[in-house]
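Data block below; observations after.
Just so you know, these numbers use all the heavy atoms, side chains as well, and skip hydrogens, waters and symmetry mates. Counting starts at 1 for both ligands and their atoms, following the listed order. If you're wondering where the values come from, they're calculated on a predicted model, not measured in any experiment.
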Amino acid sequence: MSTIQAVHTTPIQGQKPGTSGVRKKVTEVLQPHYIENFTQSCFNTVKEREVLEGSTIVVSGDGRYYNKTAIQTILKVAAGNRVGRVWVGQNGILSTPAVSVIIREREGGIALGGLILTASHNPGGPNADFGIKYNIGNGGPAPEDWTNRIYEHTISISEYSIADIPDVDISSLGRTEFQVDGRPFVVEVIDSTEDYVAKMQSIFNFDDLRALVSRPDFKIHYDCLSGVSGPYARHIFHRILGVPLEQIKNSEPLEDFGGGHPDPNLVYAHDLVHAMGIGAEVQHGDYPDFGAANDGDADRNMILGKQFFVTPSDSVAVLAANSAAIPYFAGGLKGVARSMPTSTAIDFVGQKLGIQVYEVPTGWKFFGNLMDAGRLSICGEESFGTGSDHIREKDGVWAVLAWLSVIAYKNKNSDHLVGVEEIVRSHWQEYGRNYYMRYDYENVDSNAANQLMETLKNKFSEFQGQADSYEYTDPVDHSVTKNQGLRFITPEWRVIYRLSGTGSSGATVRVYYEKYEKVNLDLSTDQALGSIIDWSLKFSDINAILSVTGPTVIT
Ligand code: VG1
Ligand code: CO
């Protein structure tokens with residue numbers, strides 16, 4: 001029989017959940033009590049609101065370095081806090097969307113919540129990043145009032161409870177039961193893909209999808225970037241839909257993502273971008289017709305056509321406009337939403353459909369309330385996040401299936417292959433085009449970043465009615481979230497300046513540029529946005545204030 005001990009501890013600085021949980025360098029997480037303190041702080045927050053004792057929770061992650069060690073520690077702290085049962089994906093593997101499905105639906109949605117171990121698209125390995133976040137009973141990231149409370153606990157914690165159970169074998173499926181202080185504590189190692197795949201089969205028409213992917217004139221190239229989407233992509237695309245395994249690249253989750261950056265964008269998914277012929281000299285070469293990638297924890301997606309890039313803001317707009325392609329949306333859309341910096345492309349679709357369009361701050365947690373209230377069906381972020389109210393996280397594999405469903409639908413009565421580019425171009429014809437670009441200034445000095453924001457705020461005061469600091473009032477619970485980015489808005493274009501909340505060290509500044517064109521649909525992004533970018537560089541003096549020569553990443 002195991003016993004529970006109360007261990008004395010002291011607060012660890014910096015355990016403040018950001019846009020999506022706490023993200024830190026592994027070297028920082030290795031300090032004693034790091035995982036114990038944060039886990040206990042989550043549990044203390046849960047106990048203020050719900051009954052943790054005897055409950056079921058989910059614990060798993062994206063397979064990055066240190067996940068397995070952290071899982072063993074969390075299991076012991078869970079047992080020490082009298083959790084009744086923990087579901088762990090085999091080898092500790094569960095994608096972020098899969099955790100959401102399991103919390104919401106496994107055994108009738110009995111789980112109280114879950115801890116997800118991931119730093120998402122940030123690199124992994126002993127010298128890279130680790131992350132941890134708490135998801136609540138609706139399957140979504142803990143909202144601000146929870147994360148604020150978790151943080152308060154991390155800065156006042158003085159002890160945690162831990163059970164002296166042995167490490168649990170999480171490499172094979174099965175159930176292990178311990179007696180902890182006279183009560184049972186159960187660990188169930190569950191299949192990593194089963195619940196998620198069943199969910200996808202209830203949303204999409206797999207016969208239509210199979211028919212599309214088996215067309216001889218339609219070739220897919222899917223890159224999992226050695227993140228956690230691999231097992232899901234193999235199960236769905238290879239085992240169920242019959243896509244050859246060679247077309248699903250890097251589908252083995254690796255602790256260091258093969259040394260790469262598991263970030264599905266034009267910069268980091270370079271092999272896929274190259275394979276799709278983007279930026280290639282040769283036009284009309286034998287490139288695949290459809291390309292896709294996911295990030296480390298499989299909640300992001302990038303969609304590409306033959307020599308064609310779909311911006312995430314366009315992607316969600318196209319999906320909303322064509323939701324009839326997906327059986328799950330048969331009853332129509334309840335509403336659509338985007339994060340504030342995401343282009344307004346989806347707004348035009350919402351207006352045409354006559355449904356509500358919501359704008360929320362950056363971070364998926366803000367969509368959850370709208371979904372729970374039955375007001376929102378499809379939403380997205382410019383940062384390669386797309387999803388729907390089937391769960392409470394953005395969902396990378398879902399987005400790929402949604403796009404394939406739209407392609408299948410567009411090809412029902414067509415004599416030629418209607419591909420990604422044709423679908424997007426006809427969307428622009430109908431709704432106009434939102435040219436879009438984002439500049440990231442990564443890992444800059446925090447003081448300089450704050451100074452930039454202060455300077456801009458002061459300059460903004462001369463532009464009343466045109467420039468502001470974005471503030472959001474949740475239409476469901478009326479909670480207010482302030483300081484969510486500085487916006488400069490004219491009738492034709494927008495520039496937004498925002499500090500990132502997901503970095504693991506220093507600060508990252510993001511600048512978002514957008515211009516709407518109803519008629520000029522064939523400009524390059526440079527042509528469309530060049531003068532706005534020039535204006536912004538001068539207006540903000542960003543290079544001088546941050547002591548840089550330019551952005552580190554442009555997407
Ligand atoms: C970034 C994105 C945001 C996204 C968040 C988490 O946040 O901009 O849109 O929701 O990452 O995504 P920030 O604060 O760095 O801009 V993930 O896939 O990293 O969980
Ligand atoms: Co992610």
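Distances under 2.8 Å from the Co ion (ligand 2) pick out the protein N/O/S atoms S120 OG, D295 OD2, D297 OD1, D299 OD1.
Within the structure, the closest approach of K133 to ligand 1 does not fall below 4.0 Å when heavy atoms are considered. S339 does not count as a contact of ligand 1, since none of its heavy atoms falls under 4.0 Å from the ligand.
Two rings, from W535 and W493, have their centers less than 6.0 Å apart. Between Y513 and Y436, the distance separating the two ring centers is not shorter than 6.0 angstrom. Aromatic rings from F348 and Y516 are positioned such that their centres are separated by under 6.0 Å.
Salt bridge status for D129 with K24: absent, with no side-chain N to carboxylate O gap under 4.0 Å. Ion pairing between D347 and R338 holds under the 4.0 Å rule for side-chain N and carboxylate O. Between R300 and E382 there is no salt bridge, since none of the side-chain N atoms of the basic residue sits less than 4.0 Å from a carboxylate O of the acidic one. Classification of D145 and R49 as a salt-bridged pair holds, one side-chain N sitting under 4.0 Å from a carboxylate O. Salt bridge annotation for K365-E144: present, with a cationic side-chain nitrogen under 4.0 angstrom from a carboxylate oxygen. Classification of R64 and D297 as a salt-bridged pair fails, no side-chain N sitting under 4.0 Å from a carboxylate O.
Of the protein's heavy atoms, T502 CG2, 3.4 Å lies nearest to atom 7 (O) of ligand 1. Looking at atom 2 (C) of ligand 1, its nearest protein heavy atom turns out to be S383 OG, 3.4 Å. Looking at atom 4 (C) of ligand 1, its nearest protein heavy atom turns out to be E381 OE1, 3.5 Å. Taking atom 17 (V) of ligand 1 as the reference point, the nearest protein heavy-atom neighbour is S120 OG, 2.7 Å. The shortest contact between atom 12 (O) of ligand 1 and any protein heavy atom is with K394 NZ, 2.8 Å.
For E152, the salt bridge (charged side-chain N to carboxylate O under 4.0 Å, His left out) partners are R149, not counting sequence neighbours. Partners of E194 according to the salt bridge (charged side-chain N to carboxylate O under 4.0 Å, His left out) rule, which considers only residues two or more places apart in sequence or in another chain, are R106. Partners of D440 according to the side-chain hydrogen bond (donor to acceptor under 3.5 Å, both in side chains) rule, which considers only residues two or more places apart in sequence or in another chain, are R438, R510.
Close approach of ligand 1 to R510 (heavy-atom distance below 4.0 Å) involves ligand atoms 8 (O), 13 (P), 15 (O), 16 (O). Proximity to R498 (heavy-atom distance under 4.0 Å) selects the following atoms of ligand 1: 13 (P), 14 (O), 16 (O). Those atoms of ligand 1 with a heavy atom of T362 less than 4.0 angstrom away are 3 (C), 8 (O), 9 (O). Counting atoms of ligand 1 from 1 in the listed order, those under 4.0 Å from a heavy atom of D299 are 18 (O), 20 (O). Shown in contact with T19 at under 4.0 Å from a heavy atom are these atoms of ligand 1, numbered in order with element: 5 (C), 7 (O), 13 (P), 14 (O). Close contacts between ligand 1 and G363 involve ligand atoms 10 (O) [criterion: under 4.0 Å to a heavy atom].
At least one side-chain heavy atom of M453 sits less than 4.5 Å from a side-chain heavy atom of Y497.
At under 3.5 Å, a nitrogen or oxygen of R23, whether backbone or side chain, sits near a nitrogen or oxygen of ligand 1. Note: an N/O pair closer than 3.5 Å links D295 and ligand 1 by distance alone. Residue-to-ligand polar distances place G501 within reach of ligand 1: an N/O pair is separated by less than 3.5 Å.
The environment of K459 atom NZ is dense: over 12 non-hydrogen atoms of other residues, nucleotides or ligands sit within 6.0 angstrom.
With a heavy-atom cut-off of 4.0 Å, S500 touches ligand 1 through backbone and side chain alike. Contacts of K365 with ligand 1, taken as heavy-atom pairs under 4.0 Å, are absent altogether.
The aromatic rings of W146 and Y134 lie parallel to each other, with less than 30° between the two planes, well short of the 60° mark.
Around atom 1 (C) of ligand 1, the closest heavy atom drawn from H121, R300, R438 belongs to R300.
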